[in-house]
Amino acid sequence: MSATLYPTSDTASRKLRFTKMHGAGNDFIVLNGIDQDLANITPDQWRKLAHRQLGVGADQILIVEKATRPDADFRYRIFNADGGEVEQCGNGSRCFVRFIQDQGLSSKNPLRVEVAHTVLTLKSHPDGQVEVDMGAPIFEHDFIPFNAAGLHTLQEFHETLYALPLTTPATHDSWVGVVSMGNPHAVQVVGDINSAPVLEEGPSIEKHGAFPNRVNAGYMQILNRHEIHLRVFERGAGETLACGTGACAAVVSGIRRGLLDSPVTVHTRGGDLLVAWGGVAQPVIMTGPAMTVFEGEVAI
Ligand SMILES: N[C@H](CCC[C@H](N)C(=O)O)C(=O)O
């Protein structure tokens, strides 16, 4: 289905062709930056494009570009709905493969794709699922970055986090993991995913002073050693129906704390993801869906 949308602002200067996609309900505007001019688009224009009423509406905007590294086939950049550019997007990586294949930009499988600081290997399966090698998680606080007054243990962070006036007192016997999948995540265990204070507490954690680049706030309920429920209040987007890097961060945190065993099925509100991890310094492999919804043109 194709849709022509009206300008997202009365000073619209150019028309962009886009494809609307989602991975387990985490939705994206995908733009081909190889055959159209995406230079000099401002954060305000990205915000308008992602706006659910004023624009196309999406959690993130993905830009497809030519690779700048010899070990990659393409490069892709990620902008949150708040207009900020970020390092990584797990669900977006799966949709990226589907877009490249559907647009006939490459028939390679697996595909090597360059994102902020690394190259991901993306493999599409005959059943439509896409498998992403997300690289190894980073636990060292120096790289997340995480600078809560020199706090180094998760317990110290946990006490600091809950010592600060959050909108709701910490009602759950939470347990905190701080990990980077290229982008920063703070993960907690809750007893019941449906009553987790994602909307009440997520914004305070996202902007907590311990995370100078802000953070994605994950809440996981452990069903058994191979299955969790997960909700994430995403940095720059709010609660999404699914968060791919959040699923990876939750699984590796749980495995590292002896609460989970690989592989783990992650039930998100938008669908299921499968996350496998062989242990420290090993890559995290995430498998899940990637869907194309419609194509269109929008003036920004
Ligand atoms: N909000 C994230 C980026 C998108 C990640 C998420 N949509 C995923 O699937 O990994 C951040 O600011 O780090």
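All residue numbers in this chain count up from 1 along the given sequence. Start at 1 and go down the list; that is how both ligands and their atoms are numbered. Worth knowing before you read on, the calculation uses all heavy atoms, side chains too, and leaves out hydrogens, waters and symmetry mates.
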Under a 3.5 Å threshold, yes or no: a donor from one side chain and an acceptor from the other, between [X] and [Y]?
{"X": "Thr265", "Y": "Glu227", "answer": "no"}
{"X": "Thr121", "Y": "Arg112", "answer": "yes"}
{"X": "Asn26", "Y": "Gln60", "answer": "yes"}
{"X": "Asn183", "Y": "Glu87", "answer": "no"}

### Task
Would you check ligand 1 and list the protein residues that come within less than 4.0 Å of it by any heavy atom, ordered by chain and number?
Asn26, Gln60, Asn80, Val86, Gln88, Cys89, Gly90, Asn91, Asn183, Asn216, Glu234, Arg235, Cys243, Gly244, Thr245
## Note on the structure
Residue set satisfying ring pair (Phe, Tyr, Trp, His ring centres under 6.0 Å) with Phe28, at least two apart, ordered chain then number -> none
### Query
Okay, side chain of Arg94, backbone of Pro289: is any donor-acceptor separation there less than 3.5 Å?
yes
